[in-house]
Undergrad: 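This is the structure I have questions about; it appears just below.
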Amino acid sequence: MAHKIKLKEQLVTNFSDLSLPEPLLRAARDLNYQNPTPIQEEVIPWLLDNDKDLIALAQTGTGKTAAFGFPALALTDVEKLAVQTLILCPTRELCMQIAGDLQAYGKHMPRIKSAAIYGGAPIYPQKQAIKAGLHIVIGTPGRVNDMIRQNVLHLDQVKLLILDEADEMLNMGFKEELFAIMEQTPKQKQSLLFSATMPKEVAHLARSFMKEPHQISVDRQNQGLENIRHLYYKVQAKDKYQALKRVADISPKIYGIIFCRTRIETQEIADKLQQDGYNADALHGDLSQGQRELVMNRFRTKYVRLLVATDVAARGLDVDDLTHIINYNVPTDPDVYIHRSGRTGRAGKSGISISIIHHRELAALKAVEKRLGKEISYNKVPGGREICEKQLYHFVDTVERIEVNTEEIESFLPNVYKKLSWLSREELIQRFVSVEFNRFLNYYKDISDLEHGPEERPKREGKFEKKENCSFKTFQLNIGLSHGLTKRDLMRYINQLKVSRSIEIGQIDIYQDHCLIDIDGQFEKQLLEAMSKFKYKGLTLTVSTVQKPPRKSYNRSGSKSEGGYSRSGSKPSEGGYSHSRKKSDPGSYNRSGSKPSDGSYSRSSHKSGDSSDSPADTKPRKNKFSR
């Protein structure tokens, strides 16, 4: 059972009041650490006075690294050259960040040896560092486990085990590695678990290796910080990128992170922004270590103003003065939203957390609001005139505040004055502004709104008219049930051909060794050509158009046309369906669950007859549906 400690609402201590050794207090002063954050104020004194296990819950940016880093250094026995503290974290970026922070904290304690052990980098230098002797190891679970298996890293002297970002390590699938590593540590040790959230997986992990841990949590952990504005824009899915550009354009001083779901989407958005002239770059797991470090350094120095990233890749990035967090997709886990938004509004500064959503993401947004305990404001997507006005005044402010170095430009001024002497003051200002501003004026001239109201569902223009006017052709393909084909697989294959985004797909029948699919006939030539080039799961397709007999009909009277329904309870004709509970005749369908006669189906799911002669789905249904 965890003993819970809740943090005080007000900070009452100074870093110099903490019972840390003088070299660590000196390092804190060098780093301009004055008042400890709430998590530091409680965790540091507790760790210095207790040797019990601890669970600490706090969001990103609350100073967790210093909360465990200073005590870890203070408790290190420099006379004993063995690994005494092991710090595990989910990503190499966070690993390097923690290692750098510990170097800064311990710069006046040079005898303490620490190193970062992580994947994606040459293993030999890391092995050499371990063999040379370390007091503190900071590592990712995968690489640490490799070092243990190779008999390089020995953890039998560990006194302090720290899991940082425990929730993310479990999300990344490191559960087995974590347990394997913990088995190599002594039973008598102090274990610390730091996490932004406490899902059941983290709670189970804590119960597995911690003994009656204390729990410290930051007040209002379920709420967004008061100095962060939460708002959302609602557009059609196809307009999300345009809305993103308008968000960037309406904020000339923007410095933020754009969060995407996948690595592919992250790279695509970053590429588009670069092509459109924005200082943007991508950060995701497909980048090499050198590329990731370059991107992060460019972002920290503000050479890159917009970083497009996945959640995992951004874990190791710690920047204090972000103005914007932009959710290109609303995360399905509300805690992820809170984790993201906590990256802005730090150090007493204000920040903005923006979500760009379409109507299907409203439910996820409501879940986030419930978790936040506050409403996320709906805002209208900025219009062209609004953006141009904001950019113009920003440009004028920049000109007004520019520092002029008269000495360096003085020799050029006479010719400049002479060249521009024919212009009046008003004309000069107009031309001067236009040089910088015409780009925005031309782009946003007569541009349409992207807006849909907060509860408005966008219409699909021409949906029904398009289907009614569609003339279908039946295509036969040499794949069927024997190839594991499903309707979803077939639809996905047609979409991957990229013949047209507006192509209509109708009836699909799947047989044992082939299938029939109705597709918009106007694309017949393109489809035949595309299908002949693109294989299905490595299989070369044989495709042809065929004539298919018209589908059987039924009427409401209870009388039947061939193959139809009878609601009177009387026997239908051969091949039809009967709603009677009596024994069905040959080719009919009954509800009794008894086996029907040859060539029919029963609701007991037993099918008789040759499966190659019967389609996978013969029940009448809608004639066609949209992709």
Undergrad: Hey, does I354 have a side-chain heavy atom less than 4.5 Å from the side chain of I325?
TA: no
Undergrad: Measuring only between side-chain heavy atoms, which start at C-beta, is F523 closer than 4.5 Å to K473?
TA: no
Undergrad: At their closest point, which heavy atom of T266 faces which heavy atom of C260, and how far apart are they?
TA: OG1-CB, 3.5 Å
Undergrad: Quick check: does any side chain N or O of E386 sit under 3.5 Å from a backbone N or O of P382, one acting as donor and the other as acceptor?
TA: no
Undergrad: Below 4.5 Å, heavy atoms only, C-beta onward: do E426 and I429 meet side chain to side chain?
TA: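 No. Closest side-chain heavy atoms not under 4.5 Å.
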Undergrad: Tell me whether D311 is salt-bridged to R340, with the criterion being a basic N under 4.0 Å from an acidic carboxylate O.
TA: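 The answer is yes: the pair qualifies as a salt bridge.
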Undergrad: Let me check something: any side-chain donor-acceptor pairs from residues 406-416 under 3.5 Å, sequence neighbours excluded? List them with distances.
TA:
none

Undergrad: Is it true that a side-chain atom of Q291 and a backbone atom of S288 form a donor plus acceptor pair closer than 3.5 Å?
TA: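 It does hold such a pair.
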Undergrad: Keeping R343 on the side-chain end and I257 on the backbone end, is there a donor-acceptor pair under 3.5 Å?
TA: no
Undergrad: Which of parallel (below 30°), tilted (30 to 60°) and perpendicular (above 60°) describes Y337 and H230?
TA: tilted
Undergrad: Check whether T310 reaches the backbone of R261 with its side chain - one donor and one acceptor, N or O, closer than 3.5 Å.
TA: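 Side chain of T310 to backbone of R261, a donor-acceptor pair under 3.5 Å: no, none is there.
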Undergrad: Are D276 and Y241 linked by a side-chain donor-acceptor pair shorter than 3.5 Å?
TA: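 Yes, because at least one side-chain N or O of D276 sits under 3.5 Å from a partner of the opposite role on Y241.
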Undergrad: Is D249 paired with R246 through a side-chain N to carboxylate O contact shorter than 4.0 Å?
TA: no
Undergrad: Measure the CG-CZ distance between L294 and R298 for me, rounded to the nearest 0.5 Å.
TA: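 Answer rounded to 0.5 Å: 5.5 Å.
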Undergrad: Once salt bridge (charged side-chain N to carboxylate O under 4.0 Å, His left out) is applied, do any residues pair with K302, and if so which ones, sequence neighbours excluded?
TA: D321
Undergrad: Whether the side chain of N327 engages the backbone of N329 through a donor-acceptor N/O pair (distance < 3.5 Å, no angle test) should be reported.
TA: no
Undergrad: How far apart are the C-alpha atoms of Y378 and Y232, what are their side-chain angles, what is the distance that settles it, and do they pass the ring pair (Phe, Tyr, Trp, His ring centres under 6.0 Å) test?
TA: CA-CA 5 Å; Y378 163 75; Y232 74 96; 5.6 Å; yes
Undergrad: Determine, for K374 against E369, whether the closest basic-nitrogen to carboxylate-oxygen distance falls under 4.0 angstrom.
TA: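 Looking at E369 together with K374, the answer is no, because their closest N to O distance does not fall below 4.0 Å.
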Undergrad: Closest heavy-atom contact between N227 and G345?
TA: ND2-O, 2.7 Å
Undergrad: Let me see the working for F475 and L528 under side chain to side chain contact (heavy atoms under 4.5 Å, CB included), right down to the final yes or no.
TA: CA-CA 9 Å; F475 292 77; L528 289 172; 3.9 Å; yes
Undergrad: Backbone N or O of R92 within a donor-acceptor pair of the T140 side chain at under 3.5 Å?
TA: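 Flag not set: sc T140 to bb R92 has no pair under 3.5 Å.
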Undergrad: Please report the interatomic distance NE2(H394) to CD1(I250), rounded to the nearest 0.5 Å.
TA: 12.0 Å
Undergrad: Can you tell which of V202, D333, D335 makes a side chain to side chain contact (heavy atoms under 4.5 Å, CB included) with D167?
TA: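 Single side chain to side chain contact (heavy atoms under 4.5 Å, CB included) partner of D167 among V202, D333, D335: V202.
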Undergrad: Is there a donor-acceptor contact under 3.5 Å linking the side chains of Q34 and N32?
TA: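 A donor-acceptor contact under 3.5 Å links the two side chains.
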Undergrad: So, D271 and Q275: side-chain donor and acceptor under 3.5 Å apart, yes or no?
TA: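 Note: D271 and Q275 side chains miss the donor-acceptor criterion.
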Undergrad: Any heavy-atom pair between the side chains of L94 and Q97 that's under 4.5 Å?
TA: yes
Undergrad: Got a donor-acceptor contact below 3.5 angstrom from the Q274 side chain to the A280 backbone?
TA: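 Checked: pair present.
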Undergrad: Going by the side-chain hydrogen bond (donor to acceptor under 3.5 Å, both in side chains) test, name the single residue among E265, R292, Q267 that passes it with H284.
TA: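 One option only clears the test, and that one is Q267.
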Undergrad: Is the number of heavy atoms from other residues, nucleotides or ligands within 6.0 Å of NZ (K175) greater than 12?
TA: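 Open.
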Undergrad: Do S421 and L423 make a side-chain contact, defined as non-hydrogen atoms from C-beta onward lying under 4.5 Å apart?
TA: no
Undergrad: After noting the C-alpha distance and the side-chain angles of N297 and E293, does the key distance pass the side-chain hydrogen bond (donor to acceptor under 3.5 Å, both in side chains) rule?
TA: CA-CA 6 Å; N297 288 335; E293 291 177 5; 5.8 Å; no
Undergrad: Walk me through it: do L163 and L205 pass the test side chain to side chain contact (heavy atoms under 4.5 Å, CB included)?
TA: CA-CA 11 Å; L163 305 188; L205 178 67; 3.9 Å; yes
Undergrad: Counting only heavy atoms not in I264, do more than 12 sit closer than 6.0 Å to its CD1 atom?
TA: no
Undergrad: Taking all atoms of both residues into account, what is the closest heavy-atom pair of A309 and A314, and its distance?
TA: CB-CB, 4.2 Å
Undergrad: Which atom names give the shortest non-hydrogen contact between V368 and P331, and what distance separates them?
TA: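 For V368 and P331, the tightest heavy-atom pair comes out as CG2-O, 4.4 Å.
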Undergrad: Decide side chain to side chain contact (heavy atoms under 4.5 Å, CB included) for H358 and K234; before the verdict, give the C-alpha distance in whole Å, the side-chain angles of both, and the deciding distance to 0.1 Å.
TA: CA-CA 5 Å; H358 60 88; K234 185 169 178 287; 5.9 Å; no
Undergrad: Between D520 (side chain) and F472 (backbone), is there a donor-acceptor pair under 3.5 Å?
TA: no
Undergrad: Set out, in order, the CA-CA distance, both residues' side-chain angles and the distance that settles side chain to side chain contact (heavy atoms under 4.5 Å, CB included) for I508 and M491, then state yes or no.
TA: CA-CA 9 Å; I508 298 176; M491 293 279 286; 4.1 Å; yes
Undergrad: Any Lys/Arg nitrogen of E361 or K366 sitting under 4.0 Å from an Asp/Glu carboxylate oxygen of the other?
TA: no
Undergrad: Using side-chain heavy atoms (C-beta onward) and a distance below 4.5 Å, is S377 in contact with R229?
TA: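 S377 vs R229: side chains apart.
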Undergrad: Identify the heavy atoms of S341 and I228 that sit nearest to each other, and give their distance.
TA: O-CD1, 3.2 Å
Undergrad: Can you name the nearest heavy-atom pair linking V330 to A364, along with the distance?
TA: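 Nearest heavy atoms, V330 then A364: CG1-CB, 3.8 Å.
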Undergrad: Between Y328 and K240, is there a cation-pi geometry (under 6.0 Å to ring centre, at most 45° from the normal)?
TA: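 So K240 does make the cation-pi contact.
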Undergrad: CD1 of I326 to OG of S355: how many Å apart, nearest 0.5 Å?
TA: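 One finds 10.0 Å between CD1 of I326 and OG of S355.
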Undergrad: Would the distance check show the side chain of R305 and the main-chain N or O of K253 forming a donor-acceptor pair, the cut-off being under 3.5 Å?
TA: yes
Undergrad: Check for a donor-acceptor pair, side chain of Y536 on one end and backbone N or O of D489 on the other, with a separation under 3.5 Å.
TA: no
Undergrad: For a 4.5 angstrom cut-off between non-hydrogen side-chain atoms, does Y493 reach L485?
TA: no
Undergrad: Is any side-chain heavy atom of F174 closer than 4.5 Å to a side-chain heavy atom of E168?
TA: no
